[in-house]
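What follows is one structure encoded as structure tokens, with my remarks underneath.
Within every chain, numbering begins at 1; the chains are lettered A, B, ... in the order of the sequence lines, protein sequences first and strands thereafter.
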Amino acid sequence: MITAGIDVGSVTTKCVLFDGKKVLGKALTQTKADPNLAAEFVYKKALEENKISKEKISFIVSTGYGRRAIDYGNTSVTEIMANATGAYWVGCPKGEIKTIIDLGGQDSKVIALEKGGHIRNFVMNDKCSAGTGRFLENMANVLGVSLEELGSFSLKSKNPIAINSTCTVFAESEIISLISKRAKKEDIIAGLHISISKKIVHMARELGVREPVFFDGGGSKNIGIKKALENALGVEIYVPENSQFIIALGAAIVAFKLATKQQK
Amino acid sequence: MQVLNNVKRALLGDVTQEKENPILERRYEEEPYSEPGKTEEFRKKILNASMQNLKSMQSKKNRPKAMAYFDKIVTGSREEEIKKSGKKVLGYFCSFIPEEILYAADVIPIRLCAGSFDTMDVAEGILPRDVCPMVKSSFGFKVLGLPLMELCEIAVVPTSCDAKKKMGYYLADYMPVWMLHLPHKKDSDKSVKLWLEEMYDFKDAVEKFAGKKISKKALEDSTKLLRKRTDAFRRFLELRKAKLIPISEKDFLLVVYVSFFDDAERWTKNVSLLCDEIEKNIERGIGVHSKDTIRLLLTGSATIWPNFKILDIIEKAGMAIAVDQSCVGTWHLYEPVEVEEYSLPGLMQAIAERYLSPSICPCFTVNDDRFDNLTELIKAYEVDGVIYHILRLCQLFDMEAETVKKILEKENIPMLKVVTDYSKEDVGQLSTRIEAFKEMILIREEGEK
Ligand code: SF4
Ligand code: SF4
């Protein structure tokens with residue numbers, strides 16, 4: 001039996017195919033204006049690239065902010081549930097995961113797990129984009145650096161500059177004035193990472209940080225943020241392979257569980 | 001300034017002669033900003049918001065028929081009635097104003113705390129940006145000259161939270177405002193004494209306002225009348241304990257909201273009819289949610305008609321609120337005035353006690369009563385989780401959330417804290433959180449089985 005999980009995020013849409021034991025395929029695209037189109041695209045892409053026919057898929061679960069906007073899928077779960085399920089399944093070398101930090105495009109969240117991977121509690125950022133991937137994307141634009149380069153840039157910094165604003169608009173003008181004062185790019189970028197991690201640390205403290213800590217979502221690929229978070233929290237953080245697919249994987253696992261239940 | 005002082009004298013007599021003038025001064029010579037030209041437009045907007053709520057509420061299965069009365073009152077029939085009665089009308093905020101004294105003087109009380117998104121915009125140009133939505137919304141009613149605010153000749157504002165304290169100041173530019181001194185350490189003897197004095201002053205002022213003395217008999221009658229209202233309300237609350245939830249939170253809050261401006265006797269009668277119907281429904285196994293629906297408790301900042309945003313989201317997620325802990329819900333009418341001695345001082349004493357010591361507003365420095373009440377409600381109504389609702393910029397509830405969280409952890413009751421306002425822009429995010437909360441509760445329950 002094969003199931004699919006589709007995570008319709010605010011920036012990217014992802015699909016994972018799962019057979020109960022391993023990931024059979026995955027695909028990613030930009031969500032842009034049409035979540036439905038993006039979902040269909042990743043789904044087909046994942047199937048085609050792995051030469052799996054549609055008929056073989058017994059259950060689809062959608063998740064992410066656009067989970068209701070798409071036409072197909074047997075049911076949907078929240079990205080919080082999907083994230084917890086995916087992360088717990090992937091696991092971490094240090095033992096059973098206790099805390100998940102997710103940095104997505106428009107949301108960032110922290111989830112506390114108890115034994116067995118059940119959600120004990122969670123916090124999500126409120127409606128403003130401070131402390132999310134969107135924020136970083138804007139700042140990368142202002143600095144004329146690509147999103148992917150941010151991490152390696154920040155590692156070069158010896159004197160991170162404190163960025164005081166977490167609000168996107170204010171941070172932008174703060175950076176512009178820093179550039180005009182000829183501050184080093186890497187110092188500004190390192191400062192940005194510290195500022196974003198502070199937001200996340202506040203959320204994490206609300207729940208209490210228990211190790212091992214698992215870090216996923218698009219932002220987790222940024223080594224600068226990972227370092228900043230580790231410094232601020234004083235713990236080591238584990239970033240899995242394919243960390244931006246964890247939520248889609250979680251949805252596919254939920255789909256598998258539901259399909260198994262149905263068969264009984 | 002002279003003009004307004006004359007108005008005050010006409011309303012309250014020359015209180016200045018006897019003791020400190022309790023009425024706030026208007027701050028400026030010039031007329032305050034108002035938008036009377038927009039009254040009609042906004043009246044329609046507000047009615048629309050009410051209609052929209054009602055439409056969705058009326059479409060729900062097994063909604064008690066007796067709710068029709070409250071639907072009718074909330075959509076406007078009361079305004080004309082009050083005008084025709086020719087009686088004096090007094091507006092007030094929060095849950096500390098003794099309606100017993102008002103009824104005894106034949107004055108119509110109206111609670112003015114507002115939940116309308118539409119009226120906030122106009123207030124924003126006058127009040128600072130960082131003020132809670134409830135105060136902005138209420139203030140907007142005055143600027144726009146809207147009912148029922150417009151019927152009130154005076155507003156009484158208790159010194160409860162900071163937003164309310166300073167709102168009095170702004171409101172005083174438009175109408176006479178009496179700031180009622182609410183002590184913030186409610187358990188101290190000094191506070192109790194001060195509050196009792198404040199109640200006597202209030203009675204004096206109301207007598208002047210109404211142009212008639214309040215006799216012992218009148219106060220006894222009004223106390224008994226409102227006692228009946230409390231009894232009916234308590235019966236209503238008891239019925240909410242049924243296993244099969246007999247009434248939605250939206251309907252419950254509407255019933256309480258209508259009490260803010262309805263005639264107390266008629267309201268009581270209609271709540272009794274509603275209770276009769278609900279009782280029968282319970283006997284027949286009829287409820288408004290299915291048997292295994294997750295039962296929640298809603299606490300925190302007020303959810304005032306027509307701002308039912310959070311309730312909409314919870315309903316859509318397929319959960320039910322079994323009970324709330326709110327000053328516009330459960331605790332507005334809950335406490336009875338317990339009279340030991342039917343003399344004027346005896347009555348005044350009992351009234352003063354009712355409005356201070358059992359109150360659980362977060363404006364009190366130590367508010368353990370609220371926390372105790374919360375755990376009692378959780379047990380009595382067998383709730384599976386708590387939604388802690390905070391209106392953005394409402395510091396008091398926000399600051400008490402930490403304590404509540406700790407207490408609930410001990411009780412092993414999950415809690416979700418949401419910070420939001422009257423606007424609709426965060427509905428998507430809130431839905432995700434509330435749905436995730438549901439998933440979390442379901443998995444917990446599965447684990448316990
Ligand atoms: S919680 Fe207290 S201060 Fe706030 S509106 Fe209610 S009674 Fe007033
Ligand atoms: S208690 Fe909170 S919501 Fe109520 S008026 Fe005060 S600040 Fe506003």
Report task. Identify which part of B:E435 has an atom lying under 4.5 Å from any heavy atom of chain A, answering side chain, backbone, both or neither. Result ->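 It is both, since atoms from each part get that close.
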Query raised in the report: Relative to chain A, which segment of B:L430 carries a heavy atom at a distance below 4.5 Å: side chain, backbone, both, or neither?
Result: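 No part of B:L430 comes within 4.5 Å of chain A.
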Requested in this report: Could you tell me which of A:E114, A:E79, A:K109 has the largest number of non-hydrogen atom pairs under 4.5 Å with chain B?
Outcome: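 Option with the greatest count: A:E79.
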Query raised in the report: Does the ring of B:F308 carry B:K250 above it, NZ/CZ under 6.0 angstrom from centre and within 45° of its axis?
Result: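 Pair B:K250/B:F308 does not count as cation-pi.
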Query raised in the report: Are B:K136 and B:F139 in a cation-pi setup, meaning NZ or CZ lies under 6.0 angstrom from the ring centre and within 45 degrees of the ring axis?
Result: no
Query raised in the report: Going by an N to O cut-off under 4.0 Å, is there a salt bridge joining B:K405 and A:E206?
Result: no
Query - Toward chain B, the part of A:V77 with a non-hydrogen atom under 4.5 Å - result: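 Both parts, backbone and side chain.
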Query raised in the report: Once you round to the nearest 0.5 Å, how far does CG of B:L311 lie from CG of B:L253?
Result: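 Rounded to the nearest 0.5 Å, the CG-CG separation comes to 6.0 Å.
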